[in-house]
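What follows is a short report on a single structure.
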Protein chains: 2
Amino acid sequence: MPEIARKPRLAQSASRPVPEACVTRLSWYMRELHLLQLRGVRFVSSRWLAKHLGLTDAQVRRDLSYFGQFGTSGRGYEVIRLHERLRSILGVSGRTWNLALAGVGNLGSALLAHEGFRERGFRFRVAVDADPGKIGERIQEITVASAARLPQLTRSHSIDIGVIAVPALAAQKVCKQMVQGGVRAILNFAPVRLEAPENVRVRTVDLAMELESLTFHLVRGAG
Amino acid sequence: MPEIARKPRLAQSASRPVPEACVTRLSWYMRELHLLQLRGVRFVSSRWLAKHLGLTDAQVRRDLSYFGQFGTSGRGYEVIRLHERLRSILGVSGRTWNLALAGVGNLGSALLAHEGFRERGFRFRVAVDADPGKIGERIQEITVASAARLPQLTRSHSIDIGVIAVPALAAQKVCKQMVQGGVRAILNFAPVRLEAPENVRVRTVDLAMELESLTFHLVRGAG
DNA sequence: CACTGTGAATGCATTCACAGCG
DNA sequence: CGCTGTGAATGCATTCACAGTG
């Protein structure tokens with residue numbers, strides 16, 4: 001039966017395996033749409049977004065198509081609507097996510113104060129440190145608690161995401177405590193791979209590693 | 001001419017298009033090898049590395065094979081030798097990279113103090129801020145200078161990599177000044193896409209975006 | 001007409017599977 | 001043997017190219 005199979009015309013928009021790189025780009029689109037919205041622009045084309053983000057227009061359309069159909073033929077995408085839809089897809093629409101910080105050192109303190117988190121719907125509710133000298137200190141409306149209390153505090157404050165900014169050697173222990181406390185995801189700044197149950201999502205940001213990926217390219221092609 | 005083209009049998013080990021994801025993994029291997037070295041382990045197999053880093057053994061071997069042949073059949077890789085070789089590939093062997101920081105706010109100060117940078121061969125030589133109140137302040141052996149002096153300071157200190165920790169609206173301007181000063185790469189913490197000449201490598205780390213990629217997964221499958 | 005949404009084609013990255021070596 | 005190094009196979013992600021739509 002070598003006939004051309006009839007189009008299944010399935011009620012797509014359901015579930016396709018969304019590439020991880022696409023998820024990252026959703027945030028880019030959101031940022032750009034937010035700016036357009038502030039500037040009062042009402043419609044934007046995939047071509048325009050692509051140009052401003054260093055992508056191809058096909059890529060933009062493909063990325064969005066994983067989640068449904070938002071565009072209007074001949075006009076493009078309605079800025080406000082798409083922006084709101086992306087916020088909802090990324091889970092940052094109409095809610096706040098609770099964070100717990102472990103490690104109130106230089107980096108930890110900076111994260112507590114980071115405006116970008118608050119602006120985008122993330123709020124620290126808990127901060128702990130192993131150094132007794134820091135306990136009781138108030139930073140950004142949060143009182144630093146003892147590291148030993150991390151599991152209980154995590155649970156009692158309904159923490160969604162744990163943020164780890166402790167030395168490498170202490171990170172795995174802290175990770176375990178956060179998992180005990182019921183976090184569903186962890187953002188880790190310690191330079192180690194963390195072991196966690198697979199229903200807990202872990203993302204590691206190793207700052208020195210970011211620099212190493214730059215130097216790799218610098219020592220190769222001088223261009 | 002539907003013949004099978006003859007194998008070119010090129011003198012490999014030269015240049016193959018190294019996947020960007022592989023570059024990231026080289027840093028992981030380095031970290032792991034460093035630990036093994038401290039523990040006095042002399043040989044390690046691709047299997048062992050893979051297990052500890054959440055990869056497959058084939059992946060490890062393939063990654064390393066982009067840069068030559070380091071292993072011994074039946075024994076694995078000599079820890080010290082491979083570690084040193086990776087340091088050299090990533091450009092962090094026997095040299096220090098000079099950094100300039102723009103933006104001495106919470107995040108900027110934390111980066112200046114970040115031990116991980118120093119340990120892995122990165123050293124801040126210059127720090128500037130737009131706030132006159134901060135100029136002259138000393139942080140970690142560095143005196144904060146006026147933002148206006150960024151291009152000259154970048155050049156006079158032979159800065160290799162610029163680090164941007166200023167608000168989004170100021171980032172593009174700072175980027176341009178760093179390029180003027182002759183940096184070859186930029187690590188950007190401002191939540192904007194930077195425009196730079198293509199011979200200047202830019203890497204952006206948007207902290208809130210890291211959280212968004214976590215929440216995306218949290219709001220979808222509960223698992 | 002300008003633009004979206006998407007099958008099909010292409011191009012990368014990962015994995016398989018095994019020849020070859022110490 | 002055990003383990004590397006690597007062609008070939010597979011599996012993903014991106015791009016092409018165009019039918020379809022307001």
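The chains referred to below are lettered A, B, ... by the order of the sequence lines, with proteins before strands, and numbering in each begins at 1. FYI, side chains are in, hydrogens and waters are out, and symmetry mates aren't considered; it's all heavy atoms of this structure. Source: prediction; values computed, not measured.
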Scan the side chains in residues 70-85 of chain B for donor-acceptor partners under 3.5 Å anywhere in the protein, sequence neighbours excluded, and list what turns up.
from, atom 1, to, atom 2, distance (Å)
Arg81(B), NH2, Phe70(B), O, 3.2
His83(B), ND1, Gln37(B), OE1, 3.0
Glu84(B), OE2, Ser93(B), OG, 2.5

Pairs meeting criterion salt bridge (charged side-chain N to carboxylate O under 4.0 Å, His left out) with involvement of residues 51-67 of chain B, two or more places apart | Arg25(B)-Asp63(B), Asp57(B)-Arg61(B)
Find the distance Asp57(B):CG to dC18(C):P and express it as a whole number of Å.
-> 15 Å
Which of these, Leu101(A), Val192(A), Ile186(A), sits in a side-chain contact (heavy atoms from CB on, under 4.5 Å) with Ile164(A)?
-> Ile186(A)
Is any side-chain nitrogen or oxygen of Gln69(B) closer than 4.0 Å to OP1 or OP2 of dT6(D)?
-> yes
Can a donor-acceptor pair under 3.5 Å be found between the side-chain atoms of Ser73(A) and the base atoms of dT21(D)?
-> yes
Does the side chain of Tyr77(B) get closer than 4.0 angstrom to OP1 or OP2 of dG5(D) through an N or O atom?
-> yes
Could you pull out all donor-acceptor pairs under 3.5 Å where a side-chain atom in residues 172-183 of chain A meets a protein atom, sequence neighbours excluded?
from, atom 1, to, atom 2, distance (Å)
Gln172(A), OE1, Glu195(A), N, 2.9
Gln172(A), NE2, Glu195(A), O, 3.0

Ala185(A) meets the side chain to side chain contact (heavy atoms under 4.5 Å, CB included) criterion, sequence neighbours left out, with Ile161(A), Arg201(A), Leu214(B), Leu218(B)
Does anything in residues 28-50 of chain B reach DNA chain D, meaning a heavy atom under 4.0 Å, and if so which residues?
-> Ser45(B), Ser46(B)
Pick base, sugar-phosphate or nothing for Gly74(A), based on heavy-atom distances below 4.0 Å to the nucleic acid.
-> base
Below 3.5 Å between N/O atoms, which protein atoms pair up with nucleotides 13-17 of chain C? Just atom names and distances, please.
from, atom 1, to, atom 2, distance (Å)
dT14(C), OP1, Arg25(B), NH1, 3.1
dT14(C), OP2, Arg25(B), NH2, 3.0
dT15(C), OP2, Thr56(B), OG1, 3.4
dT15(C), OP2, Gln59(B), OE1, 3.3
dT15(C), O4, Arg62(B), NE, 3.3
dT15(C), O4, Arg62(B), NH2, 2.9
dA17(C), N6, Arg61(B), NH2, 3.4

Partners passing ring pair (Phe, Tyr, Trp, His ring centres under 6.0 Å) against His52(B) (at least two apart in sequence or in another chain) | Trp48(B)
Give the rounded distance in Å between these two atoms: CG of Leu64(B) and P of dT6(D).
-> 11 Å
Quick one: side chains of residues 111-120 of chain B, donor-acceptor pairs under 3.5 Å with protein atoms, not counting sequence neighbours, listed by atom name and distance.
from, atom 1, to, atom 2, distance (Å)
Arg120(B), NE, Glu212(A), OE2, 2.9
Arg120(B), NH2, Asp206(A), OD2, 3.3

Which salt bridge (charged side-chain N to carboxylate O under 4.0 Å, His left out) pairs, counting each pair once, include a residue from residues 158-167 of chain A, with sequence neighbours left out?
-> Arg95(A)-Asp160(A)
